[in-house]
Amino acid sequence: MEVEKMDENEWKYHGEGNQSLVVSHCQRCVVLRFLKSPPNQNKTSEEILHHLQNIVDFGKHVMKRFFGENYVHHGEIIQLPLDFVRQLCLKIQPERPESRCDKDMDTLSGYAMCLPNLTRLQTYCFVEHRPILCIEIKPKCGFIPFSSHVSQEIKHKVCRYCMHQHLKVANGKWKRPSKYCPLDLFSGNKQRMHFALKSLLQEPQNNLKIFKNGELIYGCKDDQDCVSDWNELAHHLKPFFFPSNGLVSGPHCTRTIVKELIHVITMMLLSSTDACRAADMKTVPISQGRSYCEASAFNKELVRNGKHKLESSGLPRGCLLYKTLQAQMLDMLDIEGLHPLYSRVEQYLEEFPEERSTLQIDGPYNEAFYEKLLDLSTEDDGTVAFALTKVQQYRIAMTAKDCSLMIALSPCLQDECSEQRPVVLTSKSRFTFSVSVLDLDLKPYESIPHQYKLDSEIVSYYLKNVQAKDDPVMSALFKENEDCTLVLHKV
Ligand SMILES: O=P(O)(O)O[C@@H]1[C@@H](OP(=O)(O)O)[C@H](OP(=O)(O)O)[C@H](O)[C@H](OP(=O)(O)O)[C@H]1OP(=O)(O)O
Ligand SMILES: Nc1ncnc2c1ncn2[C@@H]1O[C@H](COP(=O)(O)OP(=O)(O)OP(=O)(O)O)[C@@H](O)[C@H]1O
């Protein structure tokens, strides 16, 4: 890219999260990703550059090892003319959702990341003229903690996502709870996966987005502005799934198209498209912990129908969901077992602050950093080394619990499909597709106390407001506790 000739009119707003803002090029299949920060908390250019270098290194040396070469696009750092960045920022400001405007895009350093536009099938090339559909899923944590450090029994039964939903609705983040449960999506069982995907389509929140030819056509632009009209979605999708028409419009047509979409996403999520074997690490046994969540609507439906055995077919080893789950399961001790180890590292750093860089707490995220992650033992020998390994593994797990999966698909003719590109079939179409993972920025060491506090808030809220209402015995218990509160008055 010729940075001297950058023109803001060739770029448009694409999307943003809590940490970064993304613009896409109108002709080329590239995006620029800028860091964001709260107003008046601007970092220096050196700090921004260091942060971006860490993100690139982490993708290149660590996450590629966990996920496999083809799934991760680490991108590169680019230095842009400040005038271009300022003009771009002004241009896109009206497009930004209000709920994200508590942070500003960095316009002072001139640094950004340049990445392939993953809503397109091909990377670093001009926009293809064939239609492209892209589904982005933020699946969140797909397992129930198996650690013996867990203090509340409910955490062994109900997954964090399902518990957190109640707190989010109470806090006003979302209007309605979602029926999506990550354990259904990660189950590998097609029926459960279909249910999970249907639930995401019903209530996308920030877990599902659909792009057509690079434009967002389904999902939440803003917390308050969710597009979830299935008829409109079906209208967009009809040329993909029923190219030669045949299907008339109406509710039956909509249902059929949505079913095809769910089927195709399931197939792609279960496919193993990466030839390179990811990670030479010993993997965490996938069978640990329970494989279903008691709060899942799918599970509740089964129980209502008198069936008590929930199928978990398991995931094929090479698929992206499997790799995501493996990385998530590096959280072996749960935040409750991890927090005391974090405190041990903190205590050590208080005594020896100069050791912070040797311990690679803020990078560099290189080969040596990766090697230290491979020790999966959970036997605590009381050392700082043990505590640090668990802390770093936990940070990787948190990153994998918050990443997004991108699936891009494009119709192809029978004789067009090459051996290099995987193909998925539906009743009337065939597609080439690519699968990748994004938002793999390592979660900061400093976020651990926040995680600890949030975990306890999520559980307390659930026990008090949801489980207690479901369970009359618990409810009575809470009531009793409330009645017995001892109030001490000053005398
Ligand atoms: O804690 P969670 O599970 O709510 O996850 C946060 C996400 O909320 P979600 O529950 O997905 O709506 C949250 O997403 P939103 O900003 O709410 O879209 C962020 O991804 C946040 O990451 P970071 O701290 O900004 O790096 C995420 O925080 P981390 O916990 O991953 O640091
Ligand atoms: N390489 C890419 N190609 C296409 N779209 C992208 C790419 N990277 C990011 N996006 C889009 O921009 C959005 C925001 O990016 P990203 O998830 O990296 O932000 P974030 O601030 O790090 O997220 P979070 O809130 O989870 O911390 C994504 O949800 C996705 O829709």
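Order of listing sets the numbers, starting from 1, for every ligand and every atom in it. Only a predicted model underlies this, so the values are computations on that prediction, with no experimental measurement involved.
Taking all heavy atoms of Met398, Lys173, Gln19 into account, the minimum distance to atom 8 (O) of ligand 1 is reached by Lys173. With distances taken over non-hydrogen atoms, the option nearest atom 10 (N) of ligand 2 out of Val22, Thr399, Asp439 is Val22.
For ligand 2, the atoms sitting less than 4.0 Å from at least one non-hydrogen atom of Val31 are 1 (N), 2 (C), numbered in the order shown with element in parentheses. In summary, the atoms of ligand 2 found under 4.0 Å from a heavy atom of Asn117, numbered by their order in the structure, are 3 (N), 4 (C). Set against the non-hydrogen atoms of Phe211, the atoms of ligand 2 under 4.0 Å away are 31 (O). Atoms of ligand 2 lying under 4.0 Å from at least one heavy atom of Lys138, given by number and element, are 26 (O). The atoms of ligand 2 that sit less than 4.0 Å from any heavy atom of Met406 are 4 (C), 5 (N). Every atom of ligand 1 is numbered from 1 in the order shown, and the set under 4.0 Å from a heavy atom of Asn206 is 9 (P), 11 (O), 12 (O), 14 (O), 15 (P), 17 (O), 18 (O). Applying the 4.0 Å criterion to heavy atoms of Leu454 picks out, from ligand 1, the atoms 1 (O). With ligand atoms numbered from 1 in the order given, ligand 1 contributes 16 (O), 23 (P), 25 (O) to contacts under 4.0 Å with heavy atoms of Asn18. Applying the 4.0 Å criterion to heavy atoms of Ser20 picks out, from ligand 2, the atoms 16 (P), 18 (O), 19 (O), 20 (P), 21 (O), 22 (O). Using a 4.0 Å cut-off to heavy atoms of Asp402, the atoms of ligand 2 that qualify are 26 (O). Residue-ligand proximity, His14 to ligand 2, at heavy-atom distances under 4.0 Å covers atoms 4 (C), 5 (N), 6 (C), 11 (C).
Protein heavy atom at the shortest distance from atom 8 (N) of ligand 2 is Leu438 CD2, 3.8 Å. Nearest to atom 29 (O) of ligand 2 among the protein's heavy atoms is Glu136 OE2, 2.6 Å. The protein heavy-atom contact nearest to atom 30 (O) of ligand 1 is Gln451 NE2, 2.7 Å. Nearest non-hydrogen protein atom to atom 13 (C) of ligand 1 is Lys138 NZ, 3.9 Å. Scanning the protein for heavy atoms near atom 9 (P) of ligand 1, the closest one is Lys168 NZ, 3.4 Å. Protein heavy atom at the shortest distance from atom 2 (P) of ligand 1 is Arg160 NH2, 3.1 Å. Annotation: atom 16 (O) of ligand 1 to nearest protein heavy atom, Arg100 NH1, 2.8 Å. When only non-hydrogen protein atoms are considered, atom 22 (O) of ligand 1 lies nearest to Lys443 NZ, 3.0 Å. Counting protein heavy atoms only, atom 21 (C) of ligand 1 is closest to Asp402 OD2, 3.8 Å. Closest protein heavy atom to atom 4 (O) of ligand 1: His164 CE1, 3.1 Å.
Relative ring orientation between Phe143 and Phe146 is described as tilted, the plane-to-plane angle lying within the 30° to 60° band. Ring-plane geometry between Tyr452 and His339 is classed as parallel, the angle between the planes falling under 30 degrees on a 0 to 90 degree scale with a further cut at 60.
Environment of CD in Glu446: crowded, with over 12 heavy atoms of neighbouring residues, nucleotides or ligands closer than 6.0 Å. Within 6.0 Å of CD on Gln347 lie no more than 12 heavy atoms contributed by other residues, nucleotides or ligands.
Only the backbone of Pro116 comes within contact range of ligand 2, with a heavy atom under 4.0 Å; no side-chain atom does. Contacts between Arg33 and ligand 2, counted as non-hydrogen atom pairs separated by less than 4.0 Å, involve the side chain only. No part of Phe34 comes within 4.0 Å of ligand 2, judged by heavy-atom distances. Both the backbone and the side chain of Asn18 come within 4.0 Å of ligand 2, counting heavy atoms alone.
Checking Tyr445 against Glu346 by side-chain atom types alone, a donor-acceptor pair falls below 3.5 Å. For the residue pair Arg86/Thr107, the side-chain donor-acceptor check at 3.5 Å is not satisfied. Using modelled atom types, one finds a donor on one side chain and an acceptor on the other under 3.5 Å when comparing Ser151 with Glu336. Judged by distance alone, the side chains of Ser24 and Asn117 never bring a donor and an acceptor atom under 3.5 Å apart. Asn207 and Tyr161 share a donor-acceptor pair across their side chains, judged by distance under 3.5 Å alone. Checked by atom type, the side-chain pair Asp455/Gln451 shows no donor-acceptor distance below 3.5 Å. Gln393 and Lys390 are linked by a side-chain donor-acceptor pair at a separation below 3.5 angstrom, with hydrogens and angles left out of the test. Between the side chains of Asp106 and Ser109, a donor-acceptor pair is found at a separation under 3.5 Å.
The pair Lys12-Glu215 meets the salt-bridge criterion, with a side-chain N (NZ, NE, NH1 or NH2) lying under 4.0 Å from an Asp/Glu carboxylate O. With respect to the salt-bridge test (charged N to carboxylate O, under 4.0 angstrom), the residues Arg33 and Asp439 qualify.
A centroid separation of 6.0 Å or more is found between the aromatic rings of Tyr322 and Phe67.
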Task: Evaluation steps, side chain to side chain donor-acceptor pair (under 3.5 Å), between Gln360 and Gln392 - done: CA-CA 9 Å; Gln360 293 186 280; Gln392 305 292 47; over 6 Å; no
- [ ] Quick one: do Glu69 and Lys64 satisfy salt bridge (Lys or Arg N to Asp or Glu O under 4.0 Å)? Show the steps, please.
- [x] CA-CA 5 Å; Glu69 191 73 24; Lys64 278 201 177 198; 3.3 Å; yes
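Polar contact check, Trp174 against ligand 1: no nitrogen or oxygen pair lies under 3.5 Å apart. Note: an N/O pair closer than 3.5 Å links Lys209 and ligand 2 by distance alone. Taking distance alone, with nitrogen or oxygen atoms compared against 3.5 Å, Leu118 approaches ligand 2 more closely than that limit.
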